[in-house]
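All remarks here apply to the structure that follows.
Remember, it's a predicted structure, so these values are computed and weren't measured experimentally.
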Amino acid sequence: MGKINVLDKFTAEKIAAGEVVERPASVIKELVENAIDAGATTVTVEIRDGGTTYMRVSDNGSGMDKDDARTAFLRHATSKIKTDLDLESISTLGFRGEALCSIAAVSRTELFTKQRSDLEGTHVVVEGGEEVLFEGAGCPDGTTIVVKNLFFNTPARMKFLKKDSTEASAVTDVCNKQALSHPNVSIRLIRDGKEVLFSPGDNLLKNAVHAVYGKDIASFTVETDYTKNNIRVFGLAGKNNLSRPNRLMQIFFINGRYVVNKTLLTAISEAYKNELMIGRFPVCVLNIEMSPSLVDVNVHPGKIEVKFASEQDVYEAVYWAVKNALSKDASPREVNVFKNKDSYKMPITVKNAQQLSFAPKQTEKSTAFKPYVPQSVPKEAAKPLTTNQIREEVLPYGGKLPVREIEGIKNLKADTSPALNTSSLKHIEEKPSISKAWAPTPNSAAENPPAPVCDVRIIGQLFSTYILAEGDGEFFLMDQHAAHERIRYEQIRQNGYKAETQLLLMPISVNLTPNEKTLALEKSDFLLDMGFELEDFGGSSVVLRSLPANCPFEEGADLFVEMIGVLSGEESGEVTAALDKAVYTVACRSAIKANQTLSIKELEKLYAEASALEGITTCPHGRPITIKLTKYQIEKMFGRIV
């Protein structure tokens, strides 16, 4: 007897469904695309529990008659193509006729549909691929499909689904891309009873971008419309002051279909060359219109990958479309400048024996007018403020926000050491050093400078960036930013991946995309450990109540968005790498910067701390911390030794 078996219908359908339906987002994508192909101008998507238990997609499209409503659930049943010749010029989003059959095979699916010319609609119920109800019903024009209990009959697929919030973010991403690819269609997404997306459908791409990404993104984009080699490229390209730490906001559509293609990514990267900093990526939403015969969309089950007949023509069209848009809108980069940056930061760096004071600075009195000032009774010596008093003074929003205990406030002691700048080595002053070989002791910094780990003498600072040190027959050149960045990185790691925090006098409002906001709220505990205390502010906004210690106020929002981009790397399975990158991102932003002048004592402390990092010679980014030259090498360069 032979070993080859012919699978039954239900097993074959479950296997085929696995190629089309991977997660709830796959279902929403197929149903929304069918609605758009049906000529709908409004589409409403509703999900519960990330879409695993309930999904509903309603549209006002053309609808179906009774015969088509039953036929639609058969495999390879489609109204988009008729023969194999039609595959050479596909102009619709769907064409295989597999989606509805695959969805119904692994769920409980209900269909309500009605054509405008019909008096009565049709109601169909299919469970696990079996039709259980077919009847006439009263329903509005268009089609409504309800999908319940996805993968109820395939538990092996169910266990691979992620958390509800992650699945909901994937559904949101699908709806966002459909809203951007078809700005003429109004798309509404309701998640667990709350509306998270509404695009106006007024055929203006900028308004669709505003609905999806917020006004901050939309306002920093320029329009482009360029045709080359019979390929039209139109959409929005971000200005040179708008960038992200990853490529997640580089969106491309081919004839209204979302695609991922290396040729398009390369063209964008080259167009923005020398416009953005290294490690930053541009933002764009571009639609490429070309003859369907010049692009093959039937190369991937999800129809995301495509092949071009001439990749060079597509590359040139995209490159020059973006390049011309940027040159036409060329302008200086916009930078937020504050007259007094320190006034926006809480003076949380408190040295021993320093009393927090919030009185305005004394200015020189005018001699033109002297108001009468009554004699005051001599006051008693000022008493140290209590923790609650400090909260009332420095935190105007204390009544709305629970405030954590400020470490070290109860142990303030007298000290005569001179104050350092708020941008100096705060962690060395407040906490024990990570080095076992050297650590500052209280009340002794001024009288007895710490003995360096290496027997060197600090000569000074070069270009306000490099520390110059002289040893026994050796010369050292240390990068102060790289050194302090590595120190901060090691401290955060040894502290259980928790960074020091500075509370803000003025909260920072940050606009995020729906996916970014969902991720931020989901990872709020980790972000709090990194120094970001955030609060949901409604809509697409969150409010930051604190930043990592020594992070400049004006860089707080950018660092927070960058952190969200770093954490999004977990979706690709790089959990450990993403978390580690988040740590050294905070360490980099809170470290001493280049072109920052330091005193000799600060240079000595920084050099000693960096020298105590045994076996570590680079910063987290891989750049060297110290370069060494021997006396022999120097004398050879000057010709003293032949």
Side-chain angles (χ1 to χ4, degrees), residues 165-166 168-169 171-173 175-176 179-180 187-200 206-221 236 238-239 241-246 248-249 251 283 285 334-336 338 344-346 395-403 501-528 530-548 551-568 582 585-586 589:
S165 59
T166 303
S169 296
V171 172
T172 303
D173 187 58
C175 293
N176 288 344
L180 295 175
I187 296 181
R188 184 190 305 269
L189 172 61
I190 302 172
R191 172 183 170 184
D192 295 323
K194 181 180 179 181
E195 182 180 279
V196 296
L197 171 67
F198 175 72
S199 63
K206 203 146 195 172
N207 289 342
V209 171
H210 184 283
V212 173
Y213 293 136
K215 66 176 181 179
D216 289 346
I217 300 295
S219 60
F220 286 103
T221 57
L236 297 174
K239 299 180 182 179
N241 56 356
L242 177 63
S243 62
R244 282 294 187 271
N246 50 46
L248 295 180
M249 293 186 67
I251 312 298
V283 174
V285 180
E334 299 177 22
V335 180
N336 292 326
F338 300 95
Y344 292 91
K345 296 172 62 178
M346 174 180 174
L395 192 61
Y397 297 91
K400 302 179 181 179
L401 179 71
V403 182
T501 303
Q502 62 182 14
L503 300 177
L504 298 175
L505 289 173
M506 177 178 291
I508 301 176
S509 177
V510 183
N511 289 325
L512 303 173
T513 66
N515 284 347
E516 288 175 338
K517 182 174 180 179
T518 299
L519 182 60
L521 297 177
E522 182 181 339
K523 299 292 184 181
S524 59
D525 291 340
F526 177 78
L527 291 171
L528 181 61
M530 291 295 100
F532 297 98
E533 186 169 352
L534 61 96
E535 178 183 343
D536 190 352
F537 203 58
S540 61
S541 301
V542 297
V543 169
L544 301 181
R545 302 291 187 184
S546 68
L547 296 176
C551 174
F553 177 86
E554 62 276 9
E555 296 181 12
D558 290 340
L559 176 57
F560 180 74
V561 173
E562 185 173 353
M563 286 287 292
I564 299 301
V566 169
L567 293 178
S568 64
T585 300
V586 171
R589 291 295 189 98

* Run the side chain to side chain contact (heavy atoms under 4.5 Å, CB included) check on E516 and L248 step by step: do they pass? -> CA-CA 11 Å; E516 288 175 338; L248 295 180; over 6 Å; no
* Given F537 and V510, is the side chain to side chain contact (heavy atoms under 4.5 Å, CB included) satisfied, shown in steps? -> CA-CA 9 Å; F537 203 58; V510 183; over 6 Å; no
* Asked: Passes side chain to side chain contact (heavy atoms under 4.5 Å, CB included), L567 versus L519? Steps please.
  -> CA-CA 8 Å; L567 293 178; L519 182 60; 4.1 Å; yes
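Test I187, V212, L180 against S199 for side chain to side chain contact (heavy atoms under 4.5 Å, CB included) and you get one pass: I187. For the side chain to side chain contact (heavy atoms under 4.5 Å, CB included) test with L236, the passing option among T221, V283, I251 is T221; the others fail.
Here OG of S219 is found 7.5 Å from NZ of K206. Values are rounded to the nearest 0.5 Å. The structure places CG of N176 at 9.5 Å from CE of M249, a figure rounded to the nearest 0.5 Å. Atom CZ of residue F532 and atom NZ of residue K523 lie 15.5 Å apart, to the nearest 0.5 angstrom. Distance CD1/I508 to CG/D558: 9.5 Å, rounded to 0.5 Å.
Put simply, the side chain of V171 reaches to within 4.5 Å of the side chain of L189, judged on heavy atoms. The shortest side-chain heavy-atom distance between E533 and L504 does not fall under the 4.5 Å cut-off.
Here the shortest heavy-atom pairing between P548 and V586 reads CB-CG1, 3.7 Å. When all heavy atoms of L544 and G556 are compared, the pair lying nearest together is CD1-O, 4.2 Å. Residues F198 and R188 come closest through the heavy atom pair CE1-NH2, 3.2 Å. The heavy-atom pair separating L505 from P507 by the smallest distance is O-CD, 3.8 Å.
Applying the side-chain contact (heavy atoms from CB on, under 4.5 Å) rule to N511 yields the partners K215, D216, S540, S541; only residues at least two apart in sequence or on another chain are considered. Residues satisfying the side chain to side chain donor-acceptor pair (under 3.5 Å) criterion with S165, sequence neighbours excluded, are E522. Contacts of N207 classified as side chain to side chain donor-acceptor pair (under 3.5 Å), with partners at least two apart in sequence or in another chain: D202. With sequence neighbours excluded, no residue forms a ring pair (Phe, Tyr, Trp, His ring centres under 6.0 Å) with Y213. D536 pairs by the side chain to side chain donor-acceptor pair (under 3.5 Å) definition with K517, not counting sequence neighbours. With sequence neighbours excluded, the residues forming a side-chain contact (heavy atoms from CB on, under 4.5 Å) with S243 are L276, R280, listed by chain and number. In this structure A520 satisfies the side-chain contact (heavy atoms from CB on, under 4.5 Å) test together with L512, L527, F560, I564, sequence neighbours excluded. Annotation: salt bridge (Lys or Arg N to Asp or Glu O under 4.0 Å) contacts of R589 (sequence neighbours excluded): E555, E562.
Within the 3.5 Å criterion, the main-chain N or O of M563 finds no donor-acceptor partner in the side chain of T585.
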